[in-house]
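A short worksheet on the structure shown next.
One is the number of the first residue; the rest follow in order along the sequence.
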Amino acid sequence: MKSVFGNLRVGTKIITGYVVALLLMAIVGGVALVRLNQINSTVTDLATNLAEDQRISESMVEQILLARFYANRYIRDPQDEYLARYNEEIERFKVDLAAADAAITKEERVEILQRIHDGISLYEAAFIEVVDLINRREQAVGNILDVQAGLANEKLSTLEAEVLTTANTEAIYDLGLMKESVALLRLNVFRYQQEGDEQWIAHAEEAYNESQSAYEHLQPLLTSSTQRQLAEETFAAIQAYKNGFETLQADYQRQRDLVKNQLDIAGPQIRNDAAAMSDSVAIDFKAQAANSQSLVSQTLWILMTTMAVAVVLGLTLGWVIARSITQPLKSVVDASTHIAEVDLTNLANELKLMAQGDLSER
């Protein structure tokens, strides 16, 4: 390096030193810029992509739980308020799902999203069918069961008034059995509607059979066509009530199957998938956070090492340049001093000789 700088002019040496210093600064700055870009990319991924994925996942977990809560409340107590809240929560869930479709790109989470799509479609379809069944059951209760039960009681009361005029005690007794069996039939149907326990079906069937036996025993005891007509109309209403109840049973059984085999399976599965996606994001979040910390540590180490190397190189280069400049100057000064000293010695000798010559001439 000395020989290289030794062949350069002084100005060139100084300029070269500045250029080298600038290059060292550029290297340090370049290393810092590259590492900062890497850190910025990691932090951006944490602050935007992963954070948004985490928010969406957790929101979906919350929304599906709320949707299921109001769905179950509506099934147990069919009120419009609960159905409206279910629809609100399911729409919020769909908004989150659409946001997830746009934001989430990792293959693992895309597969989970597809399962969530399939699950929510199944859940919605099953719940819509349950709502239809509940509406149909309520219509059956209002338009068939309540109507036919009221009609049966009305006809029984009219028939009882007719029979009482004849003082036919046996017929009156059978009419009492029919009224009692109709009341038991309605009570057991009501309990089945409230609880869904199949034991009430058996009790309702038993009450119906009792009413049929009482009707069959009553028929020969009736003495007029009016009484027989009223008895036939009464039992026709009881028969219509029983047929409506059988339809209600089929709908209720279908509802229980939907709840047990679809809603109670799809709902928890959607929640588990949303939670699994949240867990997946959390794992990536922690990994990226650790990577960010590692990048910061590495960057500090690289910058400190690079700066140390740059300082050493700069000092070495400065020393070499300084030596390459000062060494020739020192040689010139030494040479000049030597020449000056030699000349002064010669001059002193000459003066001494001249002085001696003058003295001898005298």
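- The stretch residues 130-147 participates, sequence neighbours left out, in these salt bridge (charged side-chain N to carboxylate O under 4.0 Å, His left out) pairs: Arg136-Asp251.
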Practice prompt. Please report the C-alpha distance between Leu218 and Leu159 in whole Å, then the side-chain angles of each, then the deciding distance to 0.1 Å, and finally whether the side-chain contact (heavy atoms from CB on, under 4.5 Å) criterion is met.
Written response: CA-CA 11 Å; Leu218 175 67; Leu159 179 58; 4.0 Å; yes
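- Note on Phe69: it clusters hydrophobically with Val131, by side-chain heavy-atom contacts below 4.5 Å among ILVMFWY residues.
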Worksheet item: Are Arg271 and Glu62 close enough, and set up right, to give a salt bridge (charged side-chain N to carboxylate O under 4.0 Å, His left out), and what steps lead you there?
Response: CA-CA 8 Å; Arg271 189 266 176 193; Glu62 178 184 359; over 6 Å; no
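- Side-chain N or O atoms of Ser213 include none that pairs as donor or acceptor with a backbone N or O of Glu210 at under 3.5 Å.
- No side-chain heavy atom of Val110 sits under 4.5 Å from any side-chain heavy atom of Asp101.
- Between Arg228 and Glu232 there is no salt bridge, since none of the side-chain N atoms of the basic residue sits less than 4.0 Å from a carboxylate O of the acidic one.
- There is no side-chain donor-acceptor pair under 3.5 Å between Glu91 and Asn87.
- With ring centers used as reference points, Phe245 lies under 6.0 Å from Tyr192.
- For Ser59 (side chain) and Arg55 (main-chain N/O), no donor-acceptor pair under 3.5 Å exists by modelled atom type.
- At a threshold of 4.5 Å between side-chain heavy atoms, the hydrophobic network of Ile, Leu, Val, Met, Phe, Trp and Tyr places Leu83 and Ile134 in one connected group.
- In this structure Arg92 satisfies the salt bridge (charged side-chain N to carboxylate O under 4.0 Å, His left out) test together with Glu89, sequence neighbours excluded.
- Linking ILVMFWY residues whenever their side-chain heavy atoms come closer than 4.5 Å, directly or via other members, leaves Ile116 and Leu122 in distinct clusters.
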Worksheet entry | Chi angles and distances behind the side-chain hydrogen bond (donor to acceptor under 3.5 Å, both in side chains) call for Gln54, Ser278 | CA-CA 6 Å; Gln54 187 78 26; Ser278 178; 3.0 Å; yes
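- Partner Val163 forms a side chain to side chain contact (heavy atoms under 4.5 Å, CB included) with one of Leu230, Asn168, Leu221 and no other, that one being Asn168.
- Checking side-chain atoms of Ser157 against main-chain N and O of Asn153 turns up a donor-acceptor pair under 3.5 Å.
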Worksheet item: Going through the distances and angles, do Asn135 and Gln139 end up as a side-chain hydrogen bond (donor to acceptor under 3.5 Å, both in side chains)?
Response: CA-CA 6 Å; Asn135 290 335; Gln139 290 174 2; over 6 Å; no
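- Sorted by first and then second residue, the salt bridge (charged side-chain N to carboxylate O under 4.0 Å, His left out) pairs involving residues 147-156 (not counting sequence neighbours) are Lys155-Glu233.
- A salt bridge does not link Lys106 with Glu111: none of the charged nitrogens is closer than 4.0 Å to a carboxylate oxygen.
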Practice prompt. Show your working on side-chain contact (heavy atoms from CB on, under 4.5 Å) between Gln219 and Leu222 and close with a plain yes or no.
Written response: CA-CA 6 Å; Gln219 275 288 73; Leu222 300 175; 3.5 Å; yes
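- Between Phe127 and Tyr123, the ring planes are parallel. Angles under 30° get that label, and only those over 60° would be called perpendicular.
- Side chain of Gln148 to main chain of Ile144: no donor-acceptor pair is present (N/O by atom type, distance under 3.5 Å, no hydrogens or angles).
- Proximity of Ile120 to Ile90: side-chain heavy atoms (C-beta onward) are separated by under 4.5 Å at one or more points.
- Between Glu81 and Arg73, no side-chain nitrogen of the basic residue sits less than 4.0 Å from a carboxylate oxygen of the acidic one, so the salt-bridge criterion is not met.
- Within 6.0 Å of CG on Asp77 lie more than 12 heavy atoms contributed by other residues, nucleotides or ligands.
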Discussion item. Before you tell me yes or no, could you show the steps for Glu205 and Ile201 under side-chain contact (heavy atoms from CB on, under 4.5 Å), namely the whole-Å CA-CA distance, both residues' side-chain angles and the distance that decides it to 0.1 Å?
Written reply: CA-CA 6 Å; Glu205 186 70 26; Ile201 297 176; 5.5 Å; no
